[in-house]
Protein chains: 2
Amino acid sequence: MGNHNLTSIEQPIAEFKVGVDNVIFSVDTQQNRLLILLVKRKKAPFANFFSLPGTLVKAGESLEDAAYRILSEKIEVDNLYLEQLYTFGEPGRDPRENQDIFGERYLSVSYFALVRYEDTHLITKGNPQAVWHLLNDSPKLAFDHNRILDYGYQRLKNKLEYSPIAFKVLPEVFTLNDLYQFYTTVLGENFSDYSNFRARLLKLGFLTDTGLKVSRGAGRPAALYRFDEEAFAVLQDKPLVFI
Amino acid sequence: MGNHNLTSIEQPIAEFKVGVDNVIFSVDTQQNRLLILLVKRKKAPFANFFSLPGTLVKAGESLEDAAYRILSEKIEVDNLYLEQLYTFGEPGRDPRENQDIFGERYLSVSYFALVRYEDTHLITKGNPQAVWHLLNDSPKLAFDHNRILDYGYQRLKNKLEYSPIAFKVLPEVFTLNDLYQFYTTVLGENFSDYSNFRARLLKLGFLTDTGLKVSRGAGRPAALYRFDEEAFAVLQDKPLVFI
DNA sequence: ACAAAAGTGTTTTTTATACACCCATGC
DNA sequence: GCATGGGTGTATAAAAAACACTTTTGT
């Protein structure tokens with residue numbers, strides 16, 4: 001009765017509802033804050049707890065479609081990166097499952113997303129409403145969502161090191177310092193020296209100087225760079241390190 | 001009607017059966033063959049096609065439990081590595097889904113496994129029976145299983161480069177040449193020079209010389225090494241490269 | 001003039017790559 | 001004694017890491 005190891009042949013096939021839960025990050029480059037999108041639950045279970053934005057998958061809808069649907073219900077955004085994260089499905093992970101052994105199961109396919117902060121508008125109508133929350137100060141979440149969030153943060157850090165997702169989310173043109181601040185905000189202060197970071201990135205050859213400059217208060221104006229898709233495509237397969 | 005983009009709010013929540021499909025690799029170190037475990041389907045859909053060994057998740061059973069259950073129904077093995085791979089769930093991926101829009105859906109949570117070849121016995125009773133197949137010569141599989149297999153092979157290659165899964169599957173003691181052959185079989189001939197591979201691995205410091213030697217035909221006897229869990233644990237977090 | 005921000009260069013250490021060569025055994 | 005598989009060493013190139021220094025702006 002509810003025994004996880006009871007897998008004898010006589011057990012019936014389980015019936016599942018499939019939820020998609022999104023771990024949506026953004027980097028506030030103005031204030032160097034790493035943010036996570038959360039919603040406050042109105043209903044039981046876990047009423048008044050924060051949770052990851054999620055939804056149940058509808059008939060005719062793919063998992064990825066469902067992930068994009070949640071996203072578009074909570075925020076408006078043009079620039080983002082999204083990929084599947086992990087699937088959580090042990091019996092008992094959702095209290096809505098019947099105690100009855102024939103009861104339905106709730107499975108969560110989680111998705112990882114990174115969105116451009118400046119570009120994102122929270123949708124205020126609709127319920128529950130989503131809010132940005134500091135990752136460093138994230139609360140106890142509903143269900144097993146803290147575990148999913150941790151998993152997502154690991155993925156974010158890994159992705160940043162060997163794939164160009166930052167450029168999906170930075171403005172069209174950016175300074176090398178913008179890029180460095182972005183990395184620092186996600187990976188922590190001492191992930192790399194600025195000078196070495198800069199040299200490494202420029203040597204890779206897919207950042208092109210636009211010739212434009214931008215001045216931000218005192219100090220020398222910074223050169224604006226652009227991510228060159230074509231130059232990057234050539235390197236696509238080689239193991240890249242952005243560290 | 002079966003439109004993937006039909007995600008309007010009126011659609012009902014889909015009902016899912018959840019399948020677990022395993023991509024099970026082994027390396028035949030005697031003959032340097034990379035093998036994949038397949039079963040021949042007896043029933044429609046895809047009768048007489050090979051497929052990955054899979055099962056539907058039962059009531060009270062976790063996804064991982066289901067993955068281990070398939071494994072144990074097809075093979076007996078003591079030494080293995082297993083982890084979740086990816087979840088495939090677009091509508092229409094399984095022909096058993098009703099055309100009816102209210103029909104049930106079939107979702108596949110795939111698992112990746114690496115097992116010790118010499119240690120593995122195929123279970124001959126039971127139906128359908130599993131057989132080892134050369135990865136390089138794998139047939140057209142049922143469902144979307146070729147896609148899952150490709151995904152699994154990518155994972156295998158990546159894992160080998162930065163995590164010590166090979167040692168889960170090699171014998172307790174092994175020669176550095178055994179290890180090198182293992183890597184070569186999976187990654188291809190020219191992944192690295194033997195001498196450099198050897199030097200790199202030994203420098204990492206988690207391979208301890210047992211003092212034992214083994215002689216294989218002509219030539220100098222080879223030193224037998226052992227994987228030292230404790231010495232490895234220290235390096236756990238640092239980015240490792242076994243290339 | 002000087003602080004602030006951007007950008008360049010140099011030095012040292014470590015790692016990768018490509019080899020050449022020596023060692024121990026069976027036949 | 002020589003082929004065979006095992007093992008060591010070296011020389012060069014490339015990359016990582018630390019840090020000093022110059023340039024260009026605003027005030």
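Each chain gets a letter, A, B and so on, in the order the sequences are listed, and its residues count up from 1.
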**Student:** How would you list all residue pairs meeting salt bridge (charged side-chain N to carboxylate O under 4.0 Å, His left out) that involve residues 74-87 of chain B, not counting sequence neighbours?
**Tutor:**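 Sorted pair list: B/Glu83-B/Arg155, B/Glu83-B/Lys159.
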**Student:** In terms of ring plane angle, is the pair B/Phe88 and B/Tyr151 parallel, tilted or perpendicular, where the classes change at 30° and 60°?
**Tutor:**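 Plane angle over 60°, so perpendicular.
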**Student:** Of the non-hydrogen atoms in A/Leu52 and A/Leu149, which two are nearest, and what is the gap between them?
**Tutor:**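 Scanning both residues, the minimum pair turns out to be CD1-N, 4.4 Å.
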**Student:** Would you list the pairs meeting salt bridge (charged side-chain N to carboxylate O under 4.0 Å, His left out) in which at least one residue belongs to residues 221-233 of chain A, sequence neighbours left out?
**Tutor:**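 Only A/Glu172-A/Arg226 qualify under salt bridge (charged side-chain N to carboxylate O under 4.0 Å, His left out).
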**Student:** What range of DNA chain D does chain B touch, first nucleotide to last, counting atoms under 4.0 Å from its heavy atoms?
**Tutor:**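 The footprint of chain B covers D/dT4 to D/dG9.
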**Student:** Find the bend of the helix from C/dA1-D/dT27 to C/dC27-D/dG1 as the angle between its two terminal axes (five pairs each), to the nearest 10°.
**Tutor:**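 The angle separating the two end axes equals 20°.
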**Student:** Can you list the residues that meet the side-chain hydrogen bond (donor to acceptor under 3.5 Å, both in side chains) rule with B/Thr29, with sequence neighbours excluded?
**Tutor:**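 For B/Thr29, the residues satisfying side-chain hydrogen bond (donor to acceptor under 3.5 Å, both in side chains) (neighbours in sequence not counted) are B/Glu118.
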**Student:** On DNA chain C, which is the earliest and which the latest nucleotide, 5' to 3', with an atom closer than 4.0 Å to a heavy atom of chain A?
**Tutor:**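 The protein-touched segment is C/dA4 to C/dG9.
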**Student:** Which heavy-atom pair separates B/Tyr183 from B/Leu160 by the least distance, and what is that distance?
**Tutor:**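 B/Tyr183 and B/Leu160 have their closest heavy atoms at OH-O, 2.9 Å.
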**Student:** Using the side-chain hydrogen bond (donor to acceptor under 3.5 Å, both in side chains) criterion, which residues pair with A/Lys168? Sequence neighbours excluded.
**Tutor:**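 Listed in chain order: nothing, the list is empty.
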**Student:** Let's see if you get this right: which residues in residues 193-228 of chain A place a heavy atom under 4.0 Å from DNA chain C?
**Tutor:**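 Nucleic-acid contacts, sorted: A/Tyr194, A/Ser195, A/Arg198, A/Ala218, A/Gly219, A/Arg220, A/Pro221, A/Ala222, A/Ala223.
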**Student:** The criterion is side-chain hydrogen bond (donor to acceptor under 3.5 Å, both in side chains); which residues satisfy it with A/Asn196, sequence neighbours excluded?
**Tutor:**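 Checked A/Asn196 against side-chain hydrogen bond (donor to acceptor under 3.5 Å, both in side chains); zero matches.
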**Student:** Applying salt bridge (charged side-chain N to carboxylate O under 4.0 Å, His left out), which residue pairs with at least one partner in residues 193-207 of chain B are found, sequence neighbours left out?
**Tutor:**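 Applying salt bridge (charged side-chain N to carboxylate O under 4.0 Å, His left out) to every pair that reaches into residues 193-207 of chain B, excluding sequence neighbours, yields nothing.
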**Student:** Under 4.5 Å between any side-chain heavy atoms of B/Ile123 and B/Glu73, yes or no?
**Tutor:**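 No, every pair of side-chain atoms sits at 4.5 Å or beyond.
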**Student:** Output all residues satisfying side-chain hydrogen bond (donor to acceptor under 3.5 Å, both in side chains) with A/Glu161, sequence neighbours left out; order by chain, then residue number.
**Tutor:**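 Applying side-chain hydrogen bond (donor to acceptor under 3.5 Å, both in side chains) to A/Glu161 gives none.
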**Student:** Using the salt bridge (charged side-chain N to carboxylate O under 4.0 Å, His left out) rule, collect all pairs that involve residues 174-189 of chain A, keeping only residues at least two apart or in two chains.
**Tutor:**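 Every pair satisfying salt bridge (charged side-chain N to carboxylate O under 4.0 Å, His left out) with a residue in residues 174-189 of chain A: A/Asp178-A/Arg216.
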